[in-house]
Amino acid sequence: MNPLTLSLVLTTMISGTLIVMTSSHWFMTWVGFEMNMLAIIPLLTKEHNPRSTEAATKYFLTQATASMLLMMAAITNLLYTGHWSIMKLINPTASTMMTMALTMKLGLSPFHFWVPEVTQGIPLMSGLILLTWQKLAPLSVLYMIMPLINTNLLLTMSLMSIAIGGWGGLNQTQLRKIMAYSSIAHMGWMMAILTYNPTMTLLNLYLYIPMTITTFMLLMLSSATTTTSLSHMWNKLPLITMLILITMLSLGGLPPLTGFLPKWAIIQEMTKNNNILLPTLMTLLALLNLYFYTRITYTTSLTMFPTMNNMKIKWQFKNLKQTMQLPLMITISTLILPLAPIMMILE
Amino acid sequence: MMIYVVSILSIIFMIGFVGFSSKPSPIYGGVGLIVSGGVGCGIIVSFGGSFLGLMVFLIYLGGMLVVFGYTTAMATEQYPEAWVSNMVVLGSFVIGLIMEFMLVTYVLVGEKLEVVLGFNEIGDWAVYDVSDFGVFTKESMGVAALYSYGNWLVVVTGWSLLIGVVIILEITRGS
């Protein structure tokens, strides 16, 4: 893309999220969301093919609908309370509508249908921005209105999201759709603990974002978008296959890797609130997620997938792609678990 | 009679919305937008904001909608779909009108309507005070406040408009 356009677009995207995070008036929150949405559309259509246009259209329609619902919720609150302040979303109608608008922006079930289709139609870098940066703004608003959210609604949506994130990703071979379903499931985990201890929501977010960035960086190294192309990686970049193994297992939530920490914290907080059945169900459904991550590691690093013979003898090119940030991201994504005592007593 | 002017204008506003929501060709949708825009301007003027109403007419109808009309006229098809040309469009328009008529009758006849929000018969739409506001009206004070206290909002709005144009050009540029 033209460098000037790209810098304008990225500036607007970042300022949109910052405006959402720092505003105290519902109107400015809406303005920030609209700026964010409008600015990311050219990033989604960076490759000009019909699939990207379809993905950008679906993204635009769902996010615009969610913004309209947000405005409606703010105006309903204005009707009943007379002010635009963010912290006082007292009316239950307004609170429910606002929760649904924000979960629509995040891609939680039952509003999850756009996430796999949009993530599949866009290049890997745009998919990375979509699944990480775009989650910050709605989560910051949800964190701010946390005391007034209907817990039953949020827990229903999060349990459905974990289930759909698990079962939806089972039949996928396209890596971008797998990451989309992974995002749906992780958002479900984040929303489950929001009304109990929102610090754990932020902990989950702060660990989910590096893990997703690491995964996308590893995929971008060999431009792999399908499981099949990942299975050729043993010949091109054999070290990356091992890194994909530990990153995927960390995403799945296995101890002793980082991904276990948010799940552990969330289950601990929920049992402190005498809630035993729900974390059990959530953990069992997270096993579905672990299955398709393990399947990726199986095809990538644990076995040599059956291929034709000409795939087994490749030109060994020098890797010219930037891998400067990769060691740091790998370390964060897999080795942070010993820091658990610091992270779990945060307030 | 002047008490009910806002409710009558709101009904025409909704008829205009139904007119373009039943999805005729964009030119006819523009006609619905003109009706709704003009009547919305009337609603704003009825609440005392004469400057803002004229602003709607000038900028929205006289600027943006004119540009929209010209671009639609350039990109139109040979037989554009009007409200009476297609049974689907006509049906959705008629059903929208019937639903609005039923809603208005229910609000006027019944005491209270509690669907998502609560409407108290005609009370929310009536314009009661036609008194003299003094030298400075609320709406001109609001516009002045936009440029003094709300300078950050002007910056953000201006930036959003610029980015809107840049993004539209970038998306429609093609390869």
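Residue numbering restarts at 1 for every chain, and letters A, B, ... go by the order of the sequence lines.
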**Asked** With only heavy atoms counted, which part of A:Leu44 is less than 4.5 Å from chain B, the side chain, the backbone, both or neither?
**Response**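 Nothing of A:Leu44, per the 4.5 Å heavy-atom cut-off to chain B.
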
**Prompt:** What part of A:Thr45 gets closer than 4.5 Å to chain B, counting heavy atoms only: side chain, backbone, both or neither?
**Reply:**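 Side chain only.
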
**Working for side-chain contact (heavy atoms from CB on, under 4.5 Å), residues B:Val156 and A:Met28** = CA-CA 9 Å; B:Val156 167; A:Met28 289 308 285; 4.3 Å; yes

**Prompt:** With respect to chain A, which residue among B:Ile168, B:Ile167, B:Ile171 yields the maximal number of heavy-atom pairs within a distance under 4.5 Å?
**Reply:** B:Ile167

**Request:** Kindly compute the distance separating CD1 (A:Ile19) from CH2 (B:Trp159), expressed to the nearest 0.5 Å.
**Result:** 11.0 Å

**Item:** Whether over 12 other heavy atoms sit under 6.0 Å from B:Met99 CE
**Value:**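 Open.
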
**Prompt:** Quick check: are there more than 12 heavy atoms from other residues, nucleotides or ligands sitting under 6.0 Å from NZ of A:Lys58?
**Reply:**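 Count over threshold, so yes.
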
**Request:** Could you pull out the closest heavy-atom pair between A:Met1 and B:Glu170, with the gap in Å?
**Result:** CG-OE2, 3.4 Å

**Prompt:** Are B:Ile163 and A:Met35 close enough, and set up right, to give a side-chain contact (heavy atoms from CB on, under 4.5 Å), and what steps lead you there?
**Reply:** CA-CA 8 Å; B:Ile163 288 296; A:Met35 276 173 73; over 6 Å; no

